[in-house]
Every structure is written in structure tokens, then in C-alpha cells.
Amino acid sequence: MMCITHLQPLPLSSFSGVSLLSSRRQFTSFRTRMSYSSSIDSAPPPPPQDNGIVLGCGGTTVDFLATVDSYPKPDDKIRSTSLKVQGGGNAGNALTCAARLGLTSRLISKVANDSQGKGILEELESDGVDTSFLVVSKEGNTPFTYVIVDKQTKTRTCIHTPGYPPMVPTDLPQSTMLSALDRASIAYFDVRLHETALVIAKEASRKKIPILVDAEKKRDGLDDLLQLADYVVCTAKFPQAWTEVSSIPCALVSMLVRLPKLKFVIVTLGEEGCLMIERASTETSESKETDIESLVESLKQRADSTATFPTCVSSETTKLKSNGIGTLSGRLFIGTAEKIPPEELVDTTGAGDAFIGAVLYALCAGMAPEKMLPFATQVAACNCRALGARTGLPHRTDPRLLPFLV
């Protein structure tokens, strides 16, 4: 039996007798507000017009985070070095990030009317996320996740327990869905609630609201959502797993060939930064084809390997070719990551969600890819300097973001 002391093994029963007031204390006592006394002569530009409205549909959970010196072996008994209880879930994290950056964030999800659910709502609301479209079940349990953060390898392991009863499309009245979509600048889906997400995505597509899909891994309903997506942000393993193509660059080409509506696809690569291919709005007259893998290697040579802050290099618009897959007109971008000193790297939980939250902001603000990728990478890097998916999420006025916003 593997045991980790300091972390409650049964969060639902242990919280079942907690009042709403004590539940709120449980959440707020572990949260760290970011504040800075630095004096800066220039200020960031104002947020997007009308603050930009992002509607997200997906998971929101309670995270029970335990930091350990090293990941336990089977049958081990170890102690945690720190503990945090905080809201989590891909959609909840990404929309919290977007709200702190200045967007108007609306979330569609489902929680139970238990202490965890109430804590989730309070935490989201305190960050400016509109929770009026969330479904609250009178019975059942709110989803929660155990997160073991390994200080030695700088990795995290997540053990998730879904909420019950699960969300179904009939939980969301048509009038509520239409209100949530009203004046939305973009719709975002993490594919956690795929049946409900597909109903919303179809309506968003009908209203010509751009759609961003978080392709973390193969999930039920993902293929249907990808057909409606304008933008996709995916994890390092996803492109090859979904396309069954041997390399990431070729897999990205394959995704754009197979998904004709897609405007760009980004793959996040952790400390190695990210890759992005943007489809050209019109076909280039250039007859010469450029092998995508050769182009990646060429751009890597141009990237500044000595820079400690995020940078971006890009190709010209050209015909990108992948043998056996096809060609398309577009541009390739390589974004580098901030080199975080080992002593400052605390936890990578939610780094991908922070990246997506920043991409949502960048799209609403009309940022060019050359600015968007370093900005999103910097936001993710800020988040890696604190325990949990939200503690380190920066506000738009954070001095560390200023160089990427002016």
C-alpha cells in the first residue's frame, strides 16, 4: 500500500459536514494573490474592446495538491512537504487566466451542491469568472483531483474522480445557452463535457463565433469538435497520436489537411517552447514546395538559444509539404520558452491551461502570432513558479508581462 500523509484520502466525506463559511475559508486560505511594488514608467495597453468575451465549456474541479520530495514507489509511506487545496480543471483554469488578463470570462460546467462545489464557485467569482451559466446538481459530488507534485523530477501526477451526475445537454436550457453565447468573441472547449460541448459548438459555429479546442488527448466527442474548430492547441503527444504520423511537424500538417476549417494549430512542448502552423488565407502563387521537417530544422538554427526569455521565429508564407500527407500554404512559427532557474520552478500543473488562457486573450486582442506565442509562453512560465494551477497566474498588469503587451 502506498501512503502519503498530510493529504486527506476521502475529500468528499471529510468535507461533508463543513458549512459554506468554513468551505470558503478552506479555499481562500490557500490562495496567493499576486502583488508587486515595482514602479514602471509605462503601463500595459487597455484590454480588448468590450473586454472581449470568452465562453468556455469544460471541466472545473477541486485540486488536492501534495508536494513530495520524490514520487513514491509501490507500498511506500511518505510525507508531503506542502499541501494546497485549490480550484482546478482545464476550463476553470484557462478562464481564470483569461479573466485575470482582462477578458470577460463565462463558464459552462457542472458541480454539485456540496462544500467543494460552493468553494469552486466562490473562487471563480473572486477572479471575475461569470459562473451564472454553471449547472449545480442538488445531489451527487463535485469532481476532484489528487495532484502529486514531484520536487525531484519537476513533474506532477493527477488522479481524477469525475463528478456525478455527469453533465448532459438537457441540463442546459436553450435560452441559457443563447444567453451565454450572446456577444461572445470566442468559444473554448476542453472536450470534458463533450455532448453538451458539441451542442454549444454547433450553435457557436452557426453564429460564426470562432472556436478554440484544447486537444489534450483522444477523448469521446473530440473528432466532432475538431471539425468545427478554428483554432487548436494541443499537447506534445496529441498530434502523432491523433494522426498516426511519425513526427510532430508532419502531424501538424496532417491536422490542417484533414481539418479544412482550421486556421492554426499549436503544439506545446514544455521547456522546448511550442510549434505553430498557420494556414494562409489565400493560396500562395509560389510553386516551390518546402519540406516541413527541413523548415523546422532551419528555423531552429535561427532561434536565439541564448535568450532566457520567450522568443519567436517564423517562416515566410510558403507551400508546406509533408511526404505522403499533402501540402498547404501557410507559415511555420517556433516559439521558445523562458529558461526558468531550477530553484524557481515549483509546479507545472495547469501550465497548458495558462498558455490557452493567454492565447484566448491574444486572439481577442488581435495579436499577431509573433507576439502571441512569446506572450502565452511567458504567462505559462509565470504559473510554473507557484504550487497549483492558479496561484501563479499573472494579472495583465504584472510587470513580467509588460514587454509582451506594449
Side-chain angles (χ1 to χ4, degrees), residues 154 215 231-240 245-256 262-280 284 286 288-323 325 327-342 344-345 348 351-352 354-359 361-363 365 367-385 394 400-406:
K154 306 293 185 179
Y231 314 106
V232 170
V233 179
C234 50
T235 57
K237 295 180 181 179
F238 177 81
Q240 290 164 280
V245 173
S246 60
S247 73
I248 289 177
C250 291
L252 297 184
V253 171
S254 179
M255 288 180 69
L256 284 156
L262 202 58
K263 295 178 180 178
F264 72 59
V265 57
I266 301 172
V267 57
T268 56
L269 302 169
E271 63 183 13
E272 296 180 15
C274 58
L275 287 179
M276 169 178 165
I277 298 180
E278 179 186 44
R279 189 193 305 274
T284 177
E286 176 70 43
K288 182 182 177 181
E289 297 176 347
T290 304
D291 178 73
I292 184 63
E293 294 196 85
S294 298
L295 185 57
V296 168
E297 293 306 313
S298 175
L299 284 188
K300 283 182 177 179
Q301 297 300 316
R302 286 173 46 196
D304 185 357
S305 60
T306 64
T308 58
F309 51 86
T311 63
C312 180
V313 293
S314 63
S315 72
E316 298 294 328
T317 300
T318 185
K319 282 190 176 179
L320 303 172
K321 176 186 176 183
S322 177
N323 289 331
I325 295 172
T327 63
L328 72 136
S329 294
R331 296 176 69 196
L332 172 68
F333 300 82
I334 294 182
T336 64
E338 179 187 359
K339 291 181 172 61
I340 304 175
E344 294 183 22
L345 179 58
T348 60
F355 185 95
I356 288 175
V359 168
Y361 174 88
L363 289 169
M367 279 189 188
E370 292 90 342
K371 291 189 65 176
M372 175 179 71
L373 296 183
F375 172 69
T377 304
Q378 180 64 26
V379 170
C382 291
N383 200 45
C384 291
R385 286 176 160 88
R400 294 170 295 180
L401 301 186
L402 183 60
F404 303 92
L405 290 171
V406 293

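Counting from 1, the numbers follow the sequence of the chain as shown.
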Asker: So Leu405 and Tyr361, do their side chains get closer than 4.5 Å, heavy atoms only?
Answerer: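 Yes. Closest side-chain heavy atoms under 4.5 Å.
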Asker: Indicate the atoms forming the closest heavy-atom contact of Glu338 with Ala381, along with that distance.
Answerer: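 So the two residues come closest at OE1-CB, 3.1 Å.
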Asker: Could you walk me through whether Ile266 and Phe355 satisfy the side chain to side chain contact (heavy atoms under 4.5 Å, CB included) test, starting with their C-alpha distance in whole Å, then the side-chain angles of each, then the deciding distance to 0.1 Å, before giving a yes or no?
Answerer: CA-CA 11 Å; Ile266 301 172; Phe355 185 95; 4.0 Å; yes
Asker: Kindly say whether Arg279 contributes a backbone atom to a donor-acceptor pair with the side chain of Lys263 at under 3.5 angstrom?
Answerer: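 Not at all, since once roles are kept as given, no pair shorter than 3.5 Å links the two residues.
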Asker: State whether Lys154 and Glu271 are salt-bridged, where the test is any N-O pair (Lys NZ or Arg NE/NH1/NH2 against Asp/Glu carboxylate O) under 4.0 Å.
Answerer: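 A salt bridge is absent here (no side-chain N lies under 4.0 Å from a carboxylate O).
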Asker: Are Leu401 and Gln378 side-chain neighbours, meaning at least one heavy-atom pair lies under 4.5 Å?
Answerer: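 Yes. Closest side-chain heavy atoms under 4.5 Å.
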Asker: For the aromatic rings, using the six-membered ring if either is Trp, is the centroid distance between Phe333 and Phe264 under 6.0 Å?
Answerer: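 Not close enough - the centres of the two rings lie 6.0 Å or further apart.
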Asker: More than 12 heavy atoms of other residues, nucleotides or ligands under 6.0 Å from NZ of Lys237: yes or no?
Answerer: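 Not buried by this count: 12 neighbours or fewer within 6.0 Å.
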Asker: Using the side chain to side chain donor-acceptor pair (under 3.5 Å) rule, pick out the option among Arg302, Glu278, Arg331 that qualifies with Ser314.
Answerer: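 It is Arg331, the one option of Arg302, Glu278, Arg331 that forms the side chain to side chain donor-acceptor pair (under 3.5 Å) with Ser314.
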Asker: CG of Leu332 to OG1 of Thr290: how many Å apart, nearest 0.5 Å?
Answerer: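 Nearest 0.5 Å value for the CG-OG1 distance: 10.5 Å.
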Asker: Just do the side chain to side chain contact (heavy atoms under 4.5 Å, CB included) check on Ile248 and Leu269 with the steps written out, would you?
Answerer: CA-CA 10 Å; Ile248 289 177; Leu269 302 169; 3.9 Å; yes
Asker: Are any non-hydrogen side-chain atoms of Leu252 and Ile292 less than 4.5 angstrom apart?
Answerer: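 A side-chain contact under 4.5 Å is absent here.
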Asker: Within a strict 4.5 Å, meaning less than it, do heavy atoms of the Lys288 and Thr318 side chains meet?
Answerer: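 They are not in side-chain contact.
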Asker: First locate atom CG of Leu295, then atom NZ of Lys321, and finally report the distance between them rounded to the nearest 0.5 Å.
Answerer: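 Rounded to the nearest 0.5 Å, the CG-NZ separation comes out at 13.5 Å.
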Asker: Short question: side chain of Thr377, backbone of Leu373 - any donor-acceptor pair under 3.5 Å?
Answerer: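 Yes: the side chain of Thr377 pairs with the backbone of Leu373.
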Asker: Out of curiosity, Ile334 CD1 to Ser298 OG, how far, rounded to the nearest 0.5 Å?
Answerer: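 That separation rounds to 8.5 Å.
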Asker: Would you give the length of the straight line joining atom SG of Cys250 to atom CG of Leu320, rounded to the nearest 0.5 angstrom?
Answerer: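 So the SG of Cys250 and the CG of Leu320 are separated by 10.5 Å.
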Asker: Out of curiosity, Thr311 OG1 to Asp304 CG, how far, rounded to the nearest 0.5 Å?
Answerer: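 Atom-to-atom, Thr311:OG1 and Asp304:CG are 6.0 Å apart.
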Asker: Please tell me if the side chains of Phe404 and Pro310 come closer than 4.5 Å, counting only heavy atoms from C-beta onward.
Answerer: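 Phe404 vs Pro310: side chains touch.
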Asker: Is the shortest distance from a Lys or Arg side-chain nitrogen in Arg385 or Glu344 to a carboxylate oxygen in the other one below 4.0 Å?
Answerer: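 Yes, this pair counts.
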Asker: Given side chains that start at C-beta, do those of Met255 and Phe238 come closer than 4.5 Å, heavy atoms only?
Answerer: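 With C-beta onward as the side chain, the pair touches.
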Asker: Tell me if a side-chain donor or acceptor on Thr327 pairs with a main-chain N or O of Lys319 at a distance below 3.5 Å.
Answerer: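 A pair under 3.5 Å: no.
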